Amino acid sequence: MTPTLYVSYFTKGIQQAFNWNRVYYLLINSRVVRQTLFKSIALNVFIYLGILILVETFYSTPDHHLFGYAYSDLTGYPLYLICLLFNSQFYAQIAQAQQRYSYQQEQTMATSVYTIILYANCAVFIFILRRIPVIGSIAAFLLYCIFMSYYCFDYKWKNQDWTIEQRMAYTEQHWAYYLGFGFPAATLTFFLSSLRSNAVFAVLYPCYIIMTSNATPLPVISQTTRNHYIVSHTDSSMADSSPLILPVFIVVRKMNQCILSIAYLLGGSKAEAFLSEKSDHLYYD
């Protein structure tokens with residue numbers, strides 16, 4: 001594959017991340033989507049972000065600290081966790097309403113635990129990268145774009161009953177496209193404080209859930225077996241080429257394995273039994 005192809009995949013990702021016509025169409029035609037989006041905006045903009053800005057504006061002096069923490073932190077993070085509970089319900093409702101097929105909300109507790117560990121490790125890895133001078137911030141932003149795309153497509157992949165490993169592997173095969181798809185949202189949130197970034201993304205995320213329903217990552221890969229793929233290109237001369245796999249999750253995978261190893265060590269047989277539940281839906285060899 002030539003660099004030109006990867007640039008085209010990147011630009012295609014950006015293009016499909018601006019599919020606001022799809023969002024507008026569902027706003028007009030779906031009462032559930034319309035009401036849920038309005039609830040999300042009211043919660044995250046007027047309540048969460050409004051309270052946060054109010055506290056940061058009027059209670060930001062050194063006197064406004066408790067146990068060494070600013071009032072904005074003591075207010076913002078608990079409020080964010082409360083909003084997160086409501087947002088998760090909003091996201092599931094929008095994912096269900098905009099899909100043409102039945103959305104499967106049920107998943108095992110083990111899958112939920114693996115997902116939380118994955119997202120937490122992605123956040124920690126980005127945090128560590130940002131502490132590296134110059135090149136670290138650039139690398140963190142690029143990875144943040146891809147991780148952002150992964151999160152946006154997660155509801156779609158869950159509905160297709162993909163394992164977590166399949167989702168990560170697919171993202172690594174389509175890294176150029178996902179770099180582009182996550183670029184707009186990452187640009188709007190990466191450079192904000194963590195609390196404000198959470199609020200802005202919480203408003204944008206339902207829209208990106210809708211956009212992913214019609215998104216087609218490039219190159220188009222037909223999975224024939226778990227480890228063998230057929231790559232389709234508009235250029236027939238490239239039909240036999242395989243996409244360059246960029247292992248963006250390699251560190252996160254190691255972090256996941258480390259945490260699971262600690263859980264097995266501390267929890268013994270009970271932890272192993274719990275985390276092994278439905279393990280075939282999490283990873284494959």
Side-chain angles (χ1 to χ4, degrees), residues 1 6 9-10 12-13 16-17 107-108 110-132 135-186 189-190 197 201 205 208-209 212 215-221 223 225-229 231 242-264 275-276 278-285:
M1 288 190 179
Y6 289 107
Y9 299 157
F10 173 78
K12 187 66 174 180
Q16 295 191 350
Q107 60 179 358
T108 66
T111 304
S112 299
V113 171
Y114 273 92
T115 301
I116 292 172
I117 292 174
L118 173 65
Y119 289 153
N121 284 335
C122 287
V124 170
F125 186 39
I126 292 293
F127 176 82
I128 294 173
L129 280 177
R130 295 184 75 164
R131 296 301 178 270
I132 302 175
I135 192 173
S137 296
I138 298 174
F141 177 76
L142 297 177
L143 276 179
Y144 186 75
C145 293
I146 298 176
F147 291 166
M148 180 79 73
S149 291
Y150 179 99
Y151 189 39
C152 292
F153 277 79
D154 205 26
Y155 277 100
K156 181 176 183 178
W157 292 332
K158 287 177 184 177
N159 192 67
Q160 295 172 341
D161 199 28
W162 284 19
T163 67
I164 291 176
E165 178 59 32
Q166 283 175 314
R167 301 171 205 175
M168 290 191 293
Y170 190 81
T171 303
E172 290 175 334
Q173 291 169 331
H174 298 80
W175 60 269
Y177 170 89
Y178 286 118
L179 180 63
F181 189 91
F183 186 82
T189 58
F190 184 80
S197 173
F201 181 68
Y205 185 54
Y208 282 107
I209 292 176
T212 59
T216 304
L218 296 178
V220 177
I221 299 178
Q223 185 174 354
T225 68
R226 284 182 167 181
N227 298 314
H228 297 85
Y229 301 86
V231 184
S242 298
L244 173 66
I245 297 176
L246 190 67
V248 294
F249 287 100
I250 185 170
V251 175
V252 174
R253 282 188 179 96
K254 297 297 183 183
M255 296 169 69
N256 291 350
Q257 293 171 4
C258 182
I259 290 178
L260 293 177
S261 298
I262 294 174
Y264 291 146
L275 292 174
S276 296
K278 303 288 186 181
S279 60
D280 55 316
H281 290 285
L282 303 173
Y283 296 95
Y284 61 81
D285 297 329

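As the structure is a computational prediction, the values presented were derived from the model and not from experiment. In this chain, numbering begins with 1 at the start of the sequence shown.
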If you count the non-hydrogen atoms of other residues, nucleotides and ligands that lie under 6.0 Å from CD1 in Ile132, is the total more than 12? yes
Which is it for Arg167 and Phe153 under the side-chain contact (heavy atoms from CB on, under 4.5 Å) test, yes or no, and what are the steps along the way? CA-CA 9 Å; Arg167 301 171 205 175; Phe153 277 79; over 6 Å; no
For Thr212 and Ile209, the nearest pair of non-hydrogen atoms, with its separation, is OG1-O, 2.7 Å
So which heavy atom on Tyr144 is nearest to which on Ala186, and how close? CD2-CB, 3.5 Å
Mind checking what makes side chain to side chain contact (heavy atoms under 4.5 Å, CB included) contact with Ala185, not counting sequence neighbours? Met148, Tyr208
What residues, two or more places apart in sequence or in another chain, satisfy side chain to side chain contact (heavy atoms under 4.5 Å, CB included) together with Ser261? none
Donor-acceptor pairs are to be reported for all side-chain atoms of residues 117-124 against protein atoms at under 3.5 Å, with residues two or more places apart or in another chain.
from	atom 1	to	atom 2	distance (Å)
Tyr119	OH	Asp154	OD2	2.4
Asn121	ND2	Ile117	O	3.3
Asn121	ND2	Asn256	OD1	2.5

Please check this pair: side chain of Thr189 against backbone of Ser197, looking for a donor-acceptor N/O pair closer than 3.5 Å. no
Taking Tyr151 for its side chain and Tyr205 for its backbone only, find out whether a donor-acceptor pair lies under 3.5 Å. no
Could Lys12 and Tyr9 be counted as a cation-pi pair, given that NZ or CZ must be under 6.0 Å from the ring centre and within 45° of the axis? no
For Val248, run the side chain to side chain contact (heavy atoms under 4.5 Å, CB included) check against Ile245, Leu246, Val252 and tell me which one passes. Leu246
Drop me the distance from [X]'s [atom1] to [Y]'s [atom2], to the nearest 0.5 angstrom.
{"X": "Leu142", "Y": "Leu179", "atom1": "CG", "atom2": "CG", "result": "6.0 Å"}
{"X": "Tyr178", "Y": "Cys145", "atom1": "OH", "atom2": "SG", "result": "14.5 Å"}
{"X": "Leu244", "Y": "His174", "atom1": "CG", "atom2": "NE2", "result": "12.5 Å"}
{"X": "Phe190", "Y": "Phe201", "atom1": "CZ", "atom2": "CZ", "result": "14.0 Å"}
{"X": "Ile146", "Y": "Phe181", "atom1": "CD1", "atom2": "CZ", "result": "13.5 Å"}

For Tyr150, which residues count as a ring-ring contact (aromatic ring centres under 6.0 Å, His included) partner, sequence neighbours excluded? Trp157, Phe249
Phe125: what forms a ring-ring contact (aromatic ring centres under 6.0 Å, His included) with it, not counting sequence neighbours? none
If a pair satisfies salt bridge (charged side-chain N to carboxylate O under 4.0 Å, His left out) and one of its residues is in residues 172-181, list it, with sequence neighbours excluded. Glu172-Arg253
If we only count heavy atoms from C-beta on, is the Phe10 to Trp175 side-chain gap below 4.5 Å? no
